[in-house]
Amino acid sequence: MPIDQQEFRRVLGHFAAGVTIITAVGDDGTPYGLTATAFTSVSLDPPLVLVCVVKRSESHPHFHTSRVFAVNFLATDHEHLSRRFAVSGGDKFSELGIRVGVTGAPVLSEALGHLECKTVEIVEAGDHTIFLGQVEAADAREGEPLVYFRGGYREIK
Ligand SMILES: Cc1cc2nc3c(=O)[nH]c(=O)nc-3n(C[C@H](O)[C@H](O)[C@H](O)COP(=O)(O)O)c2cc1C
């Protein structure tokens, strides 16, 4: 029998996670994105990562159709961005420095680091979809990461 959902959430909250904004692009070039902690590296050779996107999100269909995505790592002073991209819908990208990356997915200029991915596999997993991506380009800068732990934003001290 599966674990009670509330208990599952409570225990998961005790796992400290880096915060990302994952992005995709609509057929008409509109950028989409959401705050996500469900990101992990998967393989070095070939370079693979995965992200999990909740099916009820507005961005979800665009991750399916674009077949590309970018993972943007947030820094300690990006809590406002995490909050903005955790609200569903609307123009989250206004007044934000973005550029179209090599895959076509939007990259946030101020991110601590980013990975640009081509989707190589899609796995349906309960109320989320897992997008496995091959990394086509990546970069990172100096800085400290934004961390999410037990329902709050934390800094590494
Ligand atoms: C700290 C944090 C982590 C989150 N992690 C994920 C995640 O890994 N995957 C996901 O699909 N949603 C995650 N969410 C929820 C989405 O950001 C949220 O559903 C968002 O509103 C979706 O935006 P959209 O509907 O405009 O696509 C997270 C939210 C927060 C605050």
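Whatever order the structure lists ligands and atoms in, that order sets their numbers, starting from 1. Values reported hereafter were calculated over all heavy atoms of this structure, with side chains retained and with hydrogens, waters and symmetry mates removed.
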Quiz item: Hey, does K92 sit under 4.0 Å from ligand 1 if you only count heavy atoms?
Solution: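 The answer is yes: ligand 1 sits under 4.0 Å from a heavy atom of K92.
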Between [atom1] on residue [X] and [atom2] on residue [Y], distance to nearest 0.5 Å:
X	Y	atom1	atom2	value
L50	S43	CG	OG	11.0 Å
F131	I122	CZ	CD1	5.0 Å
H80	L74	NE2	CG	9.0 Å
F73	I22	CZ	CD1	12.0 Å
R150	L12	CZ	CG	13.5 Å

Would you mind running through ligand 1 and noting each atom that sits below 4.0 Å from a heavy atom of [X]?
X	answer
Y148	1 (C)
F85	17 (O), 20 (C)
V53	11 (O)
V54	10 (C), 11 (O)

Self-check item: Non-hydrogen atoms of T103 and E136 that approach each other most closely
Solution: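 Minimum heavy-atom separation between T103 and E136: CG2-CG, 4.0 Å.
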Exercise. Work out which heavy atom in Q134 is nearest to a heavy atom in P46; give both atom names and the distance.
Key: OE1-CB, 4.2 Å
Starting from [atom], locate the nearest protein heavy atom and write down its residue, its atom name and how far away it is, to 0.1 Å.
atom	value
atom 8 (O) of ligand 1	A38 N, 2.8 Å
atom 21 (O) of ligand 1	A86 O, 2.9 Å
atom 25 (O) of ligand 1	S88 OG, 2.5 Å
atom 12 (N) of ligand 1	L34 CD1, 3.6 Å
atom 9 (N) of ligand 1	C52 O, 2.9 Å
atom 27 (O) of ligand 1	S59 OG, 2.5 Å
atom 5 (N) of ligand 1	T37 N, 3.1 Å
atom 14 (N) of ligand 1	T35 O, 3.2 Å

Contact partition for [X] relative to ligand 1, non-hydrogen atoms under 4.0 Å:
X	answer
F39	neither
S82	neither
V19	neither

Side-chain heavy atoms nearer than 4.5 Å, only ILVMFWY residues, links allowed to pass through others: does that put [X] and [Y] together?
X	Y	answer
L96	L146	yes
L115	V107	no
V25	V71	no

Practice problem: Would you mind checking if R99 and E116 are paired as a salt bridge, meaning a charged N to carboxylate O distance below 4.0 Å? | Solution: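 Yes.
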Quiz item: Hey, is ligand 1 close enough to G89 that some N/O pair sits below 3.5 Å?
Solution: yes
